[in-house]
There are 4 protein chains.
Amino acid sequence: MPRSPEQNRAIREKRMRQILEATLHVYRERGYHGTEMGAIARRAGLGRGLIYYYFKDKQDVFISLIRWTLSGWKELLEEVTETDQPVAARLGEILKKTCALSLEYSDVSYFHQTFSRDIGVLFPDRVDEVVQLYEENLWRPVRTLIQEGVETGEIQVPLELGERFFFSVLFGAINYERMIEESDLDQWVSTALYGLVGRRE
Amino acid sequence: MPRSPEQNRAIREKRMRQILEATLHVYRERGYHGTEMGAIARRAGLGRGLIYYYFKDKQDVFISLIRWTLSGWKELLEEVTETDQPVAARLGEILKKTCALSLEYSDVSYFHQTFSRDIGVLFPDRVDEVVQLYEENLWRPVRTLIQEGVETGEIQVPLELGERFFFSVLFGAINYERMIEESDLDQWVSTALYGLVGRRE
Amino acid sequence: MPRSPEQNRAIREKRMRQILEATLHVYRERGYHGTEMGAIARRAGLGRGLIYYYFKDKQDVFISLIRWTLSGWKELLEEVTETDQPVAARLGEILKKTCALSLEYSDVSYFHQTFSRDIGVLFPDRVDEVVQLYEENLWRPVRTLIQEGVETGEIQVPLELGERFFFSVLFGAINYERMIEESDLDQWVSTALYGLVGRRE
Amino acid sequence: MPRSPEQNRAIREKRMRQILEATLHVYRERGYHGTEMGAIARRAGLGRGLIYYYFKDKQDVFISLIRWTLSGWKELLEEVTETDQPVAARLGEILKKTCALSLEYSDVSYFHQTFSRDIGVLFPDRVDEVVQLYEENLWRPVRTLIQEGVETGEIQVPLELGERFFFSVLFGAINYERMIEESDLDQWVSTALYGLVGRRE
DNA sequence: GATGAATGAGGATTCATTCAT
DNA sequence: GATGAATGAATCCTCATTCAT
């Protein structure tokens, strides 16, 4: 007896998630070239060919992985940042929240930190598309916030510099080789914002 | 008549340099896996086999490249940093000098930024060896300087945080995807040091 | 519908046999180094990559070939030798049977005669493992028999000498460069055993 | 000042001997394919290119090695075998002398045992030439002797069988994997000749 | 939807041989 | 005569992708 469309959709969703999660895991250990399609299949507990049923090719798996994790990440961030505190406070929140998320989903954090860097080399054709994704989901929201701070005078450096500074500090905190300690986080935020807004928060 | 030992030494040195420079160039465009030995040879204007005459294998080429570039880099930095200015001033100099070098030798800068992160995946066996190289040539000199600042009270955050902060800011400036503009550099240094020493320099 | 596990098992067995048989054939003509993986694949009518699906590498193919042929050989011999005739008669049977098998499966015979001698050079790491295989499947059974003959007094020379003598005569008969003629076989056996047991059988 | 023709000849002879001896040594450890020209040169203490000054190519080195060692071997044997003892006694002498030589020049013995076997595969074009060398230097002298024994009635089996038997026993004794012990040699000869001439000598 | 057998293009590496000096 | 730098053809092996079932 054939499955209902509804059942098919559910299976589809489940399988794709299985594959993407497996990819995340294998990627963490082996990097892009070390992530063999067979290893993904094995980790996902599926047949090797099935991946090609749900994804066009290896590239498609990884681009999908970016999409999937970015959108989840964005949601998680939005919960925190759409408040009406002062800009500096919200930036501080973003830093803290991002660190917390990086700890909780360290594979995702690792994936973005390393993979985004390699896209120009791995998928030269799709750089724009991926940059666009990051822009929408990560950089723009933060930039908008900083812009607001610059306009209100809270932030004392130009927008571009402020943005660069913020992300430097952010990536410095979640660097997967030396993730910052929970206990140092407050001081980190304070030190970082000092540069931006001229006082320790 | 056979060549003299001296002539042979000169040839060898020249060839190794040619190969390493070619590697740097190809790596910039293609990344580690995209860097085919044949492409290195072509770029260096040499036969493919010659690379294996001078280097054990591809891994050896890259490890040698780390060594070679790191030692050069260190020399260039030392010229600037071994002065007797205040710590903050010297840190500022390091930032500026590193940025200048990153602009001048952008392939080297790109190489270190990307390759060092992949070593764990590419050469798991040699991570320690490579970390050691970075430690000696990069981390330690800067850490020593910051330590000094902490001891004299110039730097107002703990050593570890200070170090992390400094490198975050450093990497934020030379990030190969968006290298900082020459004209923003002073303000960048100032912003950065504000966080560390509590005043804009 | 995917194939049943049973079907897959059958395919695998068949393919491995195909590959090993092809190897045997190519080896006969080209020797170990001349046996290119591509030639094996071509001879087996399979894609080159498939060999690596079933065997780890070239070495694995050859070690498997030893195992496979030795076990078959042993079976064939056992049929003949587990009788209760006098030792000399059984040794004679072994000689004859081995010659018959060598004629029928001359590629296998050639393979063992040549390959076993090269293992020390080809796979220095696995010499022990292979020697063990020969010991169990070939030498021990014969040695046991000769031992019996020595104990009953049928054989008039010490065990070790007897063993060496028997194998010398055996290899002398099946030497692939000049395989002994069917018609000379009886006299050969007789001549050989004369040395061992002191009379022509 | 140019060398005299005489000096040149001496150098030439010396170099060729150096190369052939080095080849023998390396071959013992690595086999034909493992014997790299560079390793020969290194072992001989000469430059890599010089080998090609004295020999056409790798094949030529090995063919020359056969010639060189065979002729030396023949001389050594002739001293012993050109006596007027009975055939059986002379065959026994050959066995013993060959074993003694095999012990003394084990690299040469190893070389012939293994290399002669592989010629069909390594140099298919020159098989005839090499067989001819063995025929003249080894097989024929022995065959002639056995022939004599058959004619005088000393040897009780047909020529071809006798020859095969003799060489089987010979190779059984000097097998490089298990060279016969000095102390077993007399009994070995006796056992062997028993098969041929019907009595222990 | 699902499986895993099958393919072959692609890339690292080796090594006999050549050649400028 | 002598050296060792240089070459590139040849070969092993990997792995994304396809396909019969």
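Below, each value reflects all heavy atoms present in this structure, side chains not excepted, and no hydrogens, waters or symmetry copies. Below, chain A is the first sequence line, B the second, and so on; all start at residue 1.
- OP1 and OP2 of dC19(E) both lie 4.0 Å or more from every side-chain N or O belonging to Tyr52(D).
- For the pair Arg28(A) and Tyr110(A), the distance from NZ or CZ to the six-membered ring centre is under 6.0 Å and the angle to the ring normal is within 45 degrees.
- Of the candidates dA6(F), dT21(F), dG4(E), dA6(F) carries the atom nearest the Arg48(D) side chain, counting heavy atoms from C-beta on.
- Distance CD1 (Ile51(C)) to P (dC12(F)): 9 Å, rounded to an integer number of Å.
- Here dG11(E) presents its C1' atom at 14 Å from CZ of Arg30(B), a figure rounded to the nearest Å.
- As judged by a 4.0 angstrom heavy-atom cut-off over every strand, Phe55(B) is placed among residues making no nucleic acid contact.
- Residue Leu46(A) is classed as a sugar-phosphate contact, given heavy-atom separations below 4.0 Å to backbone atoms only.
- Listed pair Tyr53(D) / dA2(F) fails the phosphate criterion, with no side-chain N or O lying under 4.0 Å from OP1 or OP2.
- Of the two residues near DNA chain E, Lys56(B) and Arg9(A), the one whose nearest nucleotide lies more 5' is Arg9(A).
- Nearest-nucleotide mapping onto DNA chain E: of Gly38(D) and Gln59(B), the residue sitting toward the 5' end is Gln59(B).
- Separating the CZ atom of Phe123(A) from the C1' atom of dA16(F) is a distance of 13 Å, rounded to the nearest angstrom.
- For the pair Lys58(C) and Tyr52(C), the cation-pi test (distance below 6.0 Å, angle within 45°) is failed.
- In this structure, Ile11(C) places its CD1 atom 11 Å from C1' of dT3(E), rounding to the nearest Å.
- Counting to the nearest Å, the P atom of dA10(F) and the NZ atom of Lys58(C) are 15 Å from each other.
- Between Tyr27(A) and the choices Leu65(A), Asp107(A), Thr114(A), the side chain to side chain contact (heavy atoms under 4.5 Å, CB included) rule is met once, by Thr114(A).
- Residue order along DNA chain F, read from the 5' end via each residue's closest nucleotide, puts Arg3(B) first among Arg3(B) and Gln7(C).
- With salt bridges taken as basic N to acidic carboxylate O contacts below 4.0 Å, one links Arg67(A) and Glu129(A).
- As the counterpart of dA20(F), dT3(E) is assigned, both hydrogen-bonding distances of the Watson-Crick or G-U wobble pattern falling under 3.5 Å.
- Of all nucleotides listed (dG4(E), dA2(F), dT3(E)), dA2(F) comes nearest to the side chain of Leu50(D).
- In this structure, CZ of Arg12(B) is placed 9 Å from C1' of dG4(F), rounded to the nearest angstrom.
- Contact annotation: Arg15(B) reaches the phosphate of dA6(F) (side-chain N/O to OP1 or OP2, under 4.0 Å).
- Across all strands shown, Met37(D) has heavy atoms under 4.0 Å from base atoms, whether or not it also approaches the sugar-phosphate.
- Between Arg9(C) and Glu13(C) a salt bridge is recorded (basic side-chain N to carboxylate O distance below 4.0 Å).
- Met16(D) has its CE atom 14 Å from the C1' atom of dG1(F), to the nearest Å.
- Per the geometry, OH belonging to Tyr54(A) stands 9 Å off P belonging to dT3(E), to the nearest Å.
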